[in-house]
Amino acid sequence: VAGLVGYSLTGTRIENSYNAGNIYGGGSGGLGGYIAGDLMDDDNGHSLIEFSYNSGLISGETNVGGLFSTCKPCKLIQTANEGTVIAEYGLGGLSAELTGDIYNSYNAGKIKAETEIGGLVGHANSVNITNSFNTQEIPSGNYNNGGVIGDYEGYLVQNVTNSFFINADPENNFQQTQVTAKDFADG
């Protein structure tokens with residue numbers, strides 16, 4: 001279930017697009033439900049999402065993302081979520097599940113779930129994240145929750161640069177805390 005594309009198995013290109021409507025259902029995303037590129041084409045196989053955002057409420061039981069439920073392999077460039085995202089588990093501010101790259105993107109939408117929550121990506125596999133951030137608080141102490149990535153597969157120390165969880169607590173003067181790949185690995 002999605003605001004733009006429900007299901008695509010070929011290299012998808014979404015540019016200058018947005019969703020402002022409310023989306024309800026498992027496997028939901030503001031822009032796309034399940035988006036895939038060509039897993040066999042390392043050079044040109046990524047689906048490309050540029051200059052696009054969501055501001056609507058996205059909710060479902062599991063695998064819910066502000067932009068995508070599942071996107072692999074994908075490149076997200078200058079994308080944003082500003083809508084509330086709600087799930088029981090398996091939630092990402094941008095994508096519930098992602099293989100690929102995120103550049104110059106952010107989540108500023110409220111996040112509500114119990115476990116497997118990522119400020120940008122709920123479940124990551126082979127990701128590069130650059131100049132991206134999440135402004136929303138993630139519940140601590142729960143299973144696989146993280147300010148940028150909740151859960152990951154495979155080799156994680158992969159070009160996670162200038163990516164932040166921004167502390168939204170006014171008592172701490174909204175200080176930024178840089179999150180590095182080592183921080184992810186150490187939990």
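Note that these values count all heavy atoms, side chains included, but never hydrogens, waters or copies made by symmetry. Keep in mind that this is a model prediction, so the values were computed, not measured.
The side-chain hydrogen bond (donor to acceptor under 3.5 Å, both in side chains) check on S52 picks up nothing, with sequence neighbours excluded. For S59, there are no side-chain hydrogen bond (donor to acceptor under 3.5 Å, both in side chains) partners at least two apart in sequence or on another chain. Scored by the salt bridge (charged side-chain N to carboxylate O under 4.0 Å, His left out) test, E50 finds R13 as partners (sequence neighbours excluded).
For S17 (side chain) and E15 (main-chain N/O), a donor-acceptor pair under 3.5 Å exists by modelled atom type.
You'll find the side chain of H123 stays beyond 4.5 Å of the side chain of E116, heavy atoms only. You'll find the side chain of V5 reaches within 4.5 Å of the side chain of I35, heavy atoms only. The closest side-chain heavy-atom distance from H46 to D101 is below 4.5 Å. At least one side-chain heavy atom of L9 sits under 4.5 Å from a side-chain heavy atom of Y34.
Here the shortest heavy-atom pairing between T130 and S132 reads O-OG, 2.9 Å. Of all the heavy atoms in L120 and F133, the pair that sits closest is CD2-O, 3.3 Å. Between A2 and G33, the shortest heavy-atom contact is CB-N, 3.3 Å. In plain terms, the two heavy atoms of Q136 and G109 that are nearest each other are CG-O, 2.8 Å. Residues G147 and N134 share a closest heavy-atom pair of O-ND2, 3.1 Å. Summarising the geometry of C71 relative to L76, their closest heavy-atom pair is SG-CD1, 4.4 Å, with the distance given to 0.1 Å.
Distance check: L4 CG to T12 OG1 gives 11.0 Å after rounding to the nearest 0.5 Å. Rounding to the nearest 0.5 Å places CG of L67 at 5.0 Å from CG of L31. Note that the SG atom of C74 and the CG atom of L48 stand 9.0 Å from one another [nearest 0.5 Å]. Atoms CD1 and CD1, from I58 and I111 in turn, are 12.5 Å apart once rounded to the nearest 0.5 Å. Atom CD1 in I14 sits 14.0 Å away from atom CZ in F51 (nearest 0.5 Å). Taking NZ from K75 and CG from L98, the interatomic distance works out to 12.5 Å, rounded to the nearest 0.5 Å.
When the side chains of ILVMFWY residues are joined at heavy-atom separations under 4.5 Å, either directly or via intervening members, I102 and Y53 end up in two distinct hydrophobic clusters. At a threshold of 4.5 Å between side-chain heavy atoms, the hydrophobic network of Ile, Leu, Val, Met, Phe, Trp and Tyr places I49 and Y18 in two separate groups.
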Show which side-chain atoms of residues 20-28 pair as donor or acceptor with protein atoms under 3.5 Å away, not counting sequence neighbours.
from : atom 1 : to  : atom 2 : distance (Å)
N22  : OD1    : L57 : N      : 3.0
S28  : OG     : G25 : N      : 3.4
S28  : OG     : G25 : O      : 2.1

Which atom pairs, donor and acceptor, lie under 3.5 Å between side-chain atoms of residues 81-93 and protein residues at least two apart or in another chain?
from : atom 1 : to   : atom 2 : distance (Å)
N81  : OD1    : N54  : ND2    : 2.8
N81  : OD1    : G83  : N      : 3.2
N81  : ND2    : G83  : O      : 2.9
N81  : ND2    : G93  : O      : 3.4
N81  : ND2    : N107 : OD1    : 2.8
E82  : OE2    : Y106 : OH     : 2.5

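More than 12 heavy atoms of other shown residues, nucleotides or ligands fall within 6.0 angstrom of atom OH in Y103.
Evaluation of the salt bridge (Lys or Arg N to Asp or Glu O under 4.0 Å) test over residues 17-36, restricted to residues two or more places apart or in two chains, returns none.
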